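Down below is the structure, laid out as structure tokens.
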Amino acid sequence: MSTATEVRAALSEDELSQVDALWRAANYLSAGQIYLLDNPLLREPLRPEHIKPRLLGHWGTSPGLNFVYAHLNRLIRRHDLDMMFVTGPGHGGPALLANTWLEGSYPEVAPEAGQDADGMRVLFRQFSFPGGVPSHVAPQVPGSIHEGGELGYSLAHAYGAAFDNPDLIVACVIGDGEAETGPLATSWHANKFLDPVHDGAVLPILHLNGYKIANPTVLSRIPGAELDELLRGYGYAPHYVTGSDPALMHQAMAATLDDVHARIRRIQDEARGGSRERPRWPVLVLRSPKGWTGPSTVDGKPVEGTWRSHQVPLPNVRGNPEHLRALEAWLRSYRPEELFDRDGGPKPEVTALVPRGERRMGANPHANGGLLLRPLPLPDFAAHAVVVPEPGASSAEPTRALGRYLKELFANDAGRRDFRLFGPDETASNRLDAVYDVTAKAWQAEVEPADEHLATDGRVVEVLSEHLCQGWLEGYLLTGRHGLFSCYEAFVHIVDSMVNQHIKWLRTARGIPWRRPVASLNYLLTSHVWRQDHNGFSHQDPGFIDHVANKSAEVVRVYLPPDTNTLLSVAEHCLRSRDYVNVIVAGKNETPNWLGPEQAALHCARGAGIWEWASTFPEREPDVVLACAGDAPTMEVLAAAKLLREHLPRLAVRVVNVVDLMRLQPDTEHPHGMTGWEFDALFTPDRPVIFAYHGYPWLIHRLAYRRTNHAEFHVRGYKEHGTTTTPFDMLVLNDMDRFQLVIDVIDRVPGLARTAAPVRQAMTEARERHHRWIREHGEDLPEVRDWTWS
């Protein structure tokens with residue numbers, strides 16, 4: 001392992017002075033954001049009233065980030081690079097705000113923080129201050145696509161940004177605390193999916209400063225040889241910069257980055273010249289002290305190079321005169337009078353190595369992806385629709401039809417390469433494999449003779465890590481492209497926390513005028529709870545809908561298409577949309593077709609509607625409303641409606657299907673919500689509503705609890721009763737089968753309990769007969785496998 005003293009001098013005397021000035025200026029501004037409320041340029045001695053009353057922020061990682069940023073600026077200027085910066089270390093906000101202020105990209109989007117003394121005061125005051133900006137790299141920071149509020153996703157985001165961006169280099173700083181997370185550990189494997197011909201490059205920079213909040217980090221404490229073996233085992237070529245002397249470290253970093261850049265270009269040139277050997281991409285390991293250049297000791301205890309520098313090294317500046325003097329000495333050690341002019345702007349030597357225009361990392365258009373976003377060349381979904389001579393008379397596999405639709409989309413997009421399909425090894429399982437007719441699965445590792453559909457330039461991306469799929473897609477979308485994430489419903493929960501972070505990002509970005517809209521994050525959840533015939537209880541969980549429904553109404557949308565044509569219509573709508581998280585839940589198994597393409601488009605546009613063809617006596621107010629949301633619940637409601645026609649022919653039954661789940665909320669709570677009169681027009685103000693729902697039943701109650709007739713809602717759904725059994729038996733186990741729905745109608749409609757007692761008994765016997773049949777034959781009764789509607 002090389003150290004700073006062992007690397008050649010790559011910087012001239014002027015360059016050394018310039019890069020050090022830029023680094024010192026960024027360090028000064030980083031510390032100033034944590035501490036100063038006023039007196040930003042130290043034009044007078046520090047007094048307690050110049051200090052913020054609440055000291056919040058993270059100093060420990062900031063000097064290392066500033067060091068990397070300064071040197072990447074030099075590299076960009078030297079080679080005219082198109083480069084982005086992804087900040088993995090949590091709460092690295094002071095550093096990125098400092099650097100984007102110095103390069104001018106932050107004042108361009110926040111003019112109140114201009115490059116003068118008043119602007120510097122605003123920069124300092126707003127940081128971790130009520131009404132200001134948070135301590136991490138939030139959407140308010142130009143050049144960012146990665147907030148870092150939750151650790152583990154930086155490298156996945158970086159690779160997602162590099163996909164199909166052949167001229168882009170994404171520098172990704174990985175904190176050594178972050179490197180301990182499961183998602184980051186998996187992300188090292190992303191190099192097996194990066195195509196050096198069509199994709200850009202990712203430069204992982206593993207920053208080992210030794211500590212987390214209060215503990216040492218694993219990768220900083222294992223022997224250097226072991227770390228080297230680990231990175232080489234992941235398929236990387238490690239480069240090291242180690243030390244603490246600034247002058248030596250500047251020379252080492254400059255020389256190493258020159259070598260790293262040369263290696264990246266050599267890999268790309270060879271691949272684009274015809275070589276198909278999987279490359280060893282470089283990784284840079286930077287070892288520098290935590291809290292570098294900060295106070296060495298405080299109150300007699302070591303701080304620089306220890307965990308004590310993680311957040312606020314001097315914690316009591318207002319109330320402790322010794323701490324106040326130490327802070328002033330620390331800030332003056334950067335010699336701000338050499339860095340900033342009379343007005344408070346950075347001097348020419350400080351900005352000499354800063355790139356210009358869009359080459360500044362804070363102004364790179366890829367980091368504001370909506371600037372580059374183009375509408376997808378979407379096919380007409382009607383061209384892929386199934387024929388529906390009459391409701392329920394035919395059947396199809398909904399996701400197989402969607403696969404044919406996506407196949408045409410991939411063909412239309414072949415010359416552009418700005419759409420990808422992501423998923424954990426389930427594209428074929430989820431019946432989307434028609435896409436393989438026009439594109440393969442991305443793969444850079446070895447290929448065996450028995451393998452199918454693998455290619456270095458594939459645009460389907462599969463890896464058995466939901467975290468990695470989610471992170472790739474987020475990075476891809478935030479840099480101006482489009483995508484779809486297909487996943488088994490039960491296991492999309494693995495990314496609960498990630499989608500939460502993305503929703504927060506989108507909600508915040510919607511309120512920032514200079515952030516342009518990006519393509520929506522689209523989920524297709526299939527292999528769902530009601531069709532886990534052989535996988536059993538472990539694969540039965542529809543709760544992702546509940547998780548998403550709790551989030552920002554401006555951002556989240558949930559769709560439950562009941563058949564093939566509604567799925568196609570919903571998918572087309574979601575792929576056109578911007579700045580949303582769309583969750584589509586649809587089965588992959590043979591399902592009845594209820595609506596033709598025109599009917600499907602109209603029904604999906606409305607989001608919810610009365611199916612008069614399935615209702616009885618539509619000219620009068622219903623005696624009962626049978627409502628449904630989801631493909632399996634829709635089948636059961638229609639079967640129940642059919643049974644009611646047969647056994648209770650004078651009963652007025654209204655069938656309501658809900659595609660857009662958010663329509664159930666009031667219009668005051670969600671943009672798609674119904675007004676009170678709209679809701680009552682569908683569900684009536686006072687009649688019983690038997691609602692069969694795909695997921696946990698209490699979500700429907702929560703969405704509709706303010707409605708006039710909420711007390712009349714009786715919801716059937718999944719209640720965590722599952723096992724390895726048949727599809728219909730799953731419905732019976734959770735009391736959502738057609739027989740139970742008829743029983744519910746009889747029990748809820750006034751006067752029916754006495755007059756329809758024989759029908760109720762017949763339904764109860766039918767349920768029992770089903771159980772006996774399953775135990776003897778291992779399959780559903782023939783009568784429940786016949787979905788024909790007439």
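A quick note: this is a predicted structure, and the numbers were derived from the prediction, not measured.
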*side chain to side chain donor-acceptor pair (under 3.5 Å) between Tyr523 and Gln470: does it pass, once the steps are laid out?*
CA-CA 10 Å; Tyr523 291 99; Gln470 174 86 15; 2.7 Å; yes
Any donor-acceptor N/O pair, [X] side chain to [Y] backbone, under 3.5 Å:
{"X": "His239", "Y": "Leu257", "value": "no"}
{"X": "Asp176", "Y": "Gly210", "value": "yes"}
{"X": "Glu397", "Y": "Glu590", "value": "no"}
{"X": "Arg578", "Y": "Ala519", "value": "no"}
{"X": "Glu489", "Y": "Val529", "value": "yes"}
{"X": "Asp228", "Y": "Gly224", "value": "no"}
{"X": "Glu572", "Y": "Phe381", "value": "yes"}
{"X": "Arg420", "Y": "Val460", "value": "no"}
{"X": "Glu180", "Y": "Val218", "value": "yes"}
{"X": "Asp195", "Y": "Ala442", "value": "no"}

Minimum heavy-atom distance [X]-[Y], with the two atoms named:
{"X": "Pro282", "Y": "Ile267", "value": "CD-CD1, 4.3 Å"}
{"X": "Gly60", "Y": "Asn209", "value": "O-ND2, 4.0 Å"}
{"X": "Ser154", "Y": "Ile174", "value": "OG-CG1, 4.1 Å"}
{"X": "Ala161", "Y": "Val170", "value": "CB-CG2, 4.1 Å"}
{"X": "Tyr488", "Y": "Ser429", "value": "OH-OG, 2.6 Å"}
{"X": "Tyr580", "Y": "Ser577", "value": "CD1-CB, 3.8 Å"}

*May I have the step-by-step check of side chain to side chain donor-acceptor pair (under 3.5 Å) for His493 and Asp541, ending in yes or no?*
CA-CA 9 Å; His493 272 299; Asp541 183 1; 3.1 Å; yes
Is there side-chain contact between [X] and [Y], with heavy atoms separated by less than 4.5 Å?
{"X": "Phe419", "Y": "Asn412", "answer": "no"}
{"X": "Asp80", "Y": "Arg359", "answer": "yes"}
{"X": "Pro196", "Y": "Gln444", "answer": "yes"}
{"X": "Pro424", "Y": "Phe491", "answer": "no"}
{"X": "Met498", "Y": "Gln501", "answer": "no"}
{"X": "Leu409", "Y": "Leu378", "answer": "yes"}
{"X": "Thr87", "Y": "Ser144", "answer": "no"}
{"X": "Pro355", "Y": "Arg77", "answer": "yes"}

Please list, one pair per line, the donor and acceptor atoms closer than 3.5 Å that link side chains of residues 448-458 to other protein atoms, with sequence neighbours excluded.
unit_1 : atom_1 : unit_2 : atom_2 : d
Asp451 : OD2    : Glu448 : N      : 2.6
Thr456 : OG1    : Arg276 : NH2    : 2.5

*Per the side chain to side chain donor-acceptor pair (under 3.5 Å) rule, which among Asp199, Thr439, Asn165, Asp164 passes with Arg417?*
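For Arg417, the side chain to side chain donor-acceptor pair (under 3.5 Å) test succeeds with only one of Asp199, Thr439, Asn165, Asp164, which is Asp164.
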*Would Asp631 and Val585 count as a side-chain contact (heavy atoms from CB on, under 4.5 Å) if you check the C-alpha gap in whole Å, the side-chain angles of each, and the deciding distance to 0.1 Å?*
CA-CA 9 Å; Asp631 51 11; Val585 184; over 6 Å; no
*Testing Val548, Leu484, Asn522, Val556 for side chain to side chain contact (heavy atoms under 4.5 Å, CB included) with Asn582, which one passes?*
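In the set Val548, Leu484, Asn522, Val556, the residue that makes a side chain to side chain contact (heavy atoms under 4.5 Å, CB included) with Asn582 is Asn522.
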*Do you know which of Arg576, His482, Arg481 makes side chain to side chain contact (heavy atoms under 4.5 Å, CB included) with Leu376?*
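Going through Arg576, His482, Arg481 one by one, the side chain to side chain contact (heavy atoms under 4.5 Å, CB included) with Leu376 is satisfied by His482 alone.
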Out of curiosity, [X] [atom1] to [Y] [atom2], how far, rounded to the nearest 0.5 Å?
{"X": "Leu524", "Y": "Leu567", "atom1": "CG", "atom2": "CG", "value": "6.5 Å"}
{"X": "Glu462", "Y": "Trp443", "atom1": "CD", "atom2": "CH2", "value": "10.5 Å"}
{"X": "Cys487", "Y": "Glu426", "atom1": "SG", "atom2": "CD", "value": "5.5 Å"}
{"X": "Asp82", "Y": "Asn364", "atom1": "CG", "atom2": "CG", "value": "5.0 Å"}
{"X": "Ser220", "Y": "Lys290", "atom1": "OG", "atom2": "NZ", "value": "9.5 Å"}
{"X": "Cys469", "Y": "Leu421", "atom1": "SG", "atom2": "CG", "value": "9.5 Å"}

*asked:* Would Val518 and Asp579 count as a side-chain contact (heavy atoms from CB on, under 4.5 Å) here? Give the steps.
replied: CA-CA 5 Å; Val518 297; Asp579 277 352; 3.5 Å; yes
*Test ring pair (Phe, Tyr, Trp, His ring centres under 6.0 Å) applied to Tyr159 and Phe193, step by step*: CA-CA 9 Å; Tyr159 275 98; Phe193 299 85; 9.2 Å; no
Does either side chain, that of [X] or that of [Y], offer a donor lying less than 3.5 Å from an acceptor on the other one?
{"X": "Glu147", "Y": "Tyr153", "value": "no"}
{"X": "Ser527", "Y": "Asn430", "value": "yes"}
{"X": "Tyr211", "Y": "Arg221", "value": "yes"}

*asked:* Show every side-chain hydrogen bond (donor to acceptor under 3.5 Å, both in side chains) that has at least one partner inside residues 181-190, sequence neighbours left out.
replied: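 Qualifying pairs: His189-Lys192.
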*Hey, is Arg404 close enough to Asp437 for a salt bridge, meaning N to O under 4.0 Å?*
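Answer for the salt bridge query: no.
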*Name the orientation class of the two ring planes belonging to Phe422 and Trp472 (parallel below 30°, tilted from 30 to 60°, perpendicular beyond 60°).*
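Phe422 and Trp472: tilted rings.
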*Using the ring pair (Phe, Tyr, Trp, His ring centres under 6.0 Å) rule, take Phe67 and His250 through it: C-alpha gap first, then chi angles, then the decisive distance, then the call.*
CA-CA 8 Å; Phe67 183 78; His250 284 312; 5.3 Å; yes
*What residues, two or more places apart in sequence or in another chain, satisfy side-chain hydrogen bond (donor to acceptor under 3.5 Å, both in side chains) together with Arg516?*
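Applying side-chain hydrogen bond (donor to acceptor under 3.5 Å, both in side chains) to Arg516 gives none.
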_Please evaluate residues Leu575 and Tyr405 with respect to the criterion side-chain contact (heavy atoms from CB on, under 4.5 Å), reporting the C-alpha separation (whole Å), side-chain torsions for both, the decisive distance (0.1 Å), and the verdict._
CA-CA 12 Å; Leu575 290 169; Tyr405 177 85; 4.1 Å; yes
